[in-house]
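All remarks here apply to the structure that follows.
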2 protein chains.
Amino acid sequence: MADTGISSGSAVGSAAPTNDVDADVSGSSSIGTGPAVGADSAAGVKSARRAVELLEAFGANHEWLSLTDLHHHTGFPRSSLHGLLRTLRDVGWIESDDAGTRFRLGVKALICGTAYLDRDPVMPYATEALERLRDQIGYTCHFARLNGPDIVYLQTRESRTSAHLVSRVGRTLPAHATALGKALLSELADDELTAVLPKQLTALTELTITDREALRSELAFIRERGYSTERGQSSPNLACVAAVVPYRIPGTDAMSCSMPGERVTDAELLRVGSLLRDVAEDLSQQLRRAGIR
Amino acid sequence: MADTGISSGSAVGSAAPTNDVDADVSGSSSIGTGPAVGADSAAGVKSARRAVELLEAFGANHEWLSLTDLHHHTGFPRSSLHGLLRTLRDVGWIESDDAGTRFRLGVKALICGTAYLDRDPVMPYATEALERLRDQIGYTCHFARLNGPDIVYLQTRESRTSAHLVSRVGRTLPAHATALGKALLSELADDELTAVLPKQLTALTELTITDREALRSELAFIRERGYSTERGQSSPNLACVAAVVPYRIPGTDAMSCSMPGERVTDAELLRVGSLLRDVAEDLSQQLRRAGIR
DNA sequence: CGGCGGTTTTCAGATATCTGACCAATATTC
DNA sequence: GAATATTGGTCAGATATCTGAAAACCGCCG
């Protein structure tokens, strides 16, 4: 039983149901439960599911992966992996080393994946709003979307002054550990929140909220005020403020500002928060007028 | 199989005016050569190939696509598409509308695809170099990579002054129509160039080089000088300068600056070019020292 | 040199997908 | 509003993949 559940640090392949090399993973074959009972994860076209699961394994592991590594991560039989890997390599979604025995993500994945941003009619408006915001406030501004228990950064405009970019398009962070995420979580009803939060609230820093009740009460406060704040909960020495863009119900998108955590006063945080709330409200009006939902 | 070869062309919804609904696309049927002889495009795990080909279709079409649309684009039987689409939707790589009948790219594609940037050890160095460059020059700077006949933007640092971002991470442009691409193409030997260029050099603007001989002679000049320039060849009223980052042979990566085309003199273009060449050379030395190839 | 631990690759039977034809649902037309 | 055209969904036989086991391969060390 390798599955310790607890953070275990590594977390690389933690999604895989087994760490046992030769464990029988195909579940359905266990006892005579015939065809997919719960039909939860075993449904659909097997090779297609496996292909994208493989891609996700590559997305989560930034080094070269061998066939055996992938067998550990995914639980797929080595022989099946062999065919899948060659197929994905031939179409350019993964690359192999010269020997053809180690693999990593290919550039096709980047090209295709980032097309998500073009396909979304919200983005042009969001970009423009981010630039207005950045020009008003001067700090780095983000636009992000809730995806299950995580937020995904969709667009960034960096501060004119501080050089470092806080995050990257496409990166995800646990929602409960970020101002963006807390703002979005505050939109959810109580049972929705319960359904979406992970069993264990992982801590990104010492200050990350890991207690569900503490989170709930803060979310209620955020909902009331219209924006969320955070100091050092996602990253040390970083303060963030975020507000939902209320063009959907419940809201899925939010905007934030990231500021150097030590040099910014509480009053400044609140000032930025209410400004942010106004810009987000403006943006959502634009979106609603444009018929975007 | 790669139908027209040409940049996937137009064709959003209007793709098939001919009602070739049931056209045989499986191609391989040349002459009685039984099972895949050349094994060109029909090899590998069929469902996996189709899954990613579907994703690419979504990447190239930014509207909602129906089952029939996809049938036109890919040539896959509708019944096969049905299973694939539900599978991809269930794993979050595509999304469907409420009716479950129109589809578009899902956020998982963005999350996973952008991991390409994390997996690449070049990127931290490239980002730092871009920031140095932008701070020295003031214009928007790009870092891009050659992928077949196209360049792919990997990272951008925007101008402090002009607000508009020129391109986006993950976007591709024809190499022959950009300064970045011309710099990278100038690294190739003559037969490599012939192999990589498309049959027809598509024009992005009136000034795009579409004559192969004109391109060849300019590439020779670029190779000699160490950087490439361009005015209005990729986009009207835009001037670009680019230099290869010579840490591989042939070089695959390059840096560029984009400037407002009208307000920049030729002398300024050349000044930026030689500065760019120096920064690219510095970066490549860093990379080589770090053992990155 | 040859055995050894580990990994990749191959192979034939078991299993799952693919597909063309067929039905159902929805949009379009008059 | 009914007929019609188009699209979406389902099914059983044909076909292809999947898989466990066994074989080739590789680097390593004695």
Side-chain angles (χ1 to χ4, degrees), chain A residues 18 20-30 32-36 39 41-54 64-90 94 96-103, chain B residues 13-29 34-36 39 41-54 63-90 94 96-103:
Chain A
T18 99
D20 306 310
V21 174
D22 288 310
D24 175 29
V25 183
S26 65
S28 66
S29 70
S30 54
T33 60
S41 72
V45 178
K46 191 190 285 189
S47 311
R49 253 190 313 109
R50 285 182 166 180
V52 299
E53 193 171 329
L54 264 180
W64 292 100
L65 294 178
S66 72
L67 192 148
T68 302
D69 293 335
L70 290 161
H71 172 58
H72 290 346
H73 284 306
T74 62
F76 305 156
R78 284 183 280 242
S79 45
S80 312
L81 282 169
H82 189 256
L84 285 172
L85 289 171
R86 311 232 349 182
T87 303
L88 290 176
R89 176 171 55 100
D90 291 346
I94 62 177
S96 65
D97 63 3
D98 297 325
T101 171
R102 307 279 134 135
F103 301 86
Chain B
S14 64
T18 66
N19 20 357
D20 56 358
V21 175
D22 289 308
D24 175 32
V25 185
S26 64
S28 68
S29 66
S41 73
V45 178
K46 192 190 283 190
S47 311
R49 254 189 312 109
R50 285 183 166 179
V52 298
E53 193 171 328
L54 265 181
E63 305 100 39
W64 292 100
L65 294 178
S66 71
L67 192 146
T68 303
D69 293 334
L70 290 161
H71 172 58
H72 289 338
H73 283 304
T74 62
F76 305 156
R78 284 186 288 235
S79 45
S80 312
L81 283 168
H82 189 258
L84 285 172
L85 289 171
R86 311 230 351 179
T87 303
L88 290 176
R89 176 171 54 97
D90 291 347
I94 62 177
S96 64
D97 63 4
D98 296 327
T101 172
R102 307 279 135 135
F103 301 86

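Quick caveat: nothing in here was measured; it's all calculated off a predicted structure. Each chain gets a letter, A, B and so on, in the order its sequence line appears, and its residues count up from 1.
Using modelled atom types, no side-chain atom of A:Ser80 and backbone atom of A:Phe76 make a donor-acceptor pair closer than 3.5 Å. Panel note: side chain A:Asp69, backbone A:His73; no donor-acceptor pair is recorded below 3.5 Å.
For the pair B:Ser47 and D:dA16, the criterion of a side-chain N or O lying under 4.0 Å from OP1 or OP2 is not met. For the pair A:Lys46 and D:dT19, the criterion of a side-chain N or O lying under 4.0 Å from OP1 or OP2 is met. Look at A:His82 and you won't find any side-chain N or O under 4.0 angstrom from OP1 or OP2 of C:dT8. Between A:Ser66 and the phosphate of C:dT8, there is a side-chain N or O to OP1/OP2 separation shorter than 4.0 Å. An OP1 or OP2 oxygen of C:dT7 is reached within less than 4.0 angstrom by no side-chain nitrogen or oxygen of A:Thr101. Contact between the side-chain N/O atoms of B:Ser79 and the OP1/OP2 oxygens of D:dC11 is not found at any separation under 4.0 Å. At the phosphate of C:dT19, OP1 or OP2 sits under 4.0 Å from a side-chain N or O atom of B:Arg50.
More than 12 heavy atoms of other residues, nucleotides or ligands sit less than 6.0 Å from atom CZ of A:Arg89.
Here C:dT10 presents its C1' atom at 16 Å from CG of A:Leu85, a figure rounded to the nearest Å. For the pair A:Phe76 CZ and D:dT19 P, the interatomic distance rounds to 9 Å; values are reported in whole Å. Between B:His72 atom NE2 and D:dG8 atom P there is a gap of 10 Å when expressed in whole angstrom units. Going from atom CZ of B:Arg78 over to atom C1' of D:dT10 covers 13 Å, rounded to whole Å. For A:Asp98 and D:dC26, the CG to P distance is 15 Å, given to the nearest whole Å. Spacing between atom CG of B:Leu84 and atom P of D:dG8 amounts to 15 Å, rounded to whole angstrom units. Between the C1' atom of D:dT7 and the CG atom of B:Leu70 lies a distance of 13 Å, rounded to the nearest Å. Rounded to whole Å, atom P of D:dT17 lies 14 Å from atom CZ of A:Arg86.
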What pattern of brackets, bars and dots sums up DNA chain C from 5' to 3', given Watson-Crick or G-U wobble pairs under 3.5 Å, [ ] for crossing pairs and | for another strand? ||||||||||||||||||||||||||||||
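B:Arg102 is not listed as a side-chain neighbour of B:Leu65, based on a closest heavy-atom distance of 4.5 Å or more. Between B:Leu70 and B:Leu84, every side-chain heavy-atom pair lies at or beyond the 4.5 Å cut-off.
Counting any heavy atom pair closer than 4.0 Å across all strands shown, B:Ser80 reaches a base atom.
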I would like to know whether B:Val45 and A:Leu88 meet side-chain contact (heavy atoms from CB on, under 4.5 Å); could you show each step before the answer? CA-CA 9 Å; B:Val45 178; A:Leu88 290 176; over 6 Å; no
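Between the side chains of B:Thr87 and B:Asp90, not a single donor N or O lies within less than 3.5 Å of an accepting N or O.
Comparing D:dG20, D:dC18, D:dG8 by their nearest atom to the side chain of B:Leu67 picks out D:dG8.
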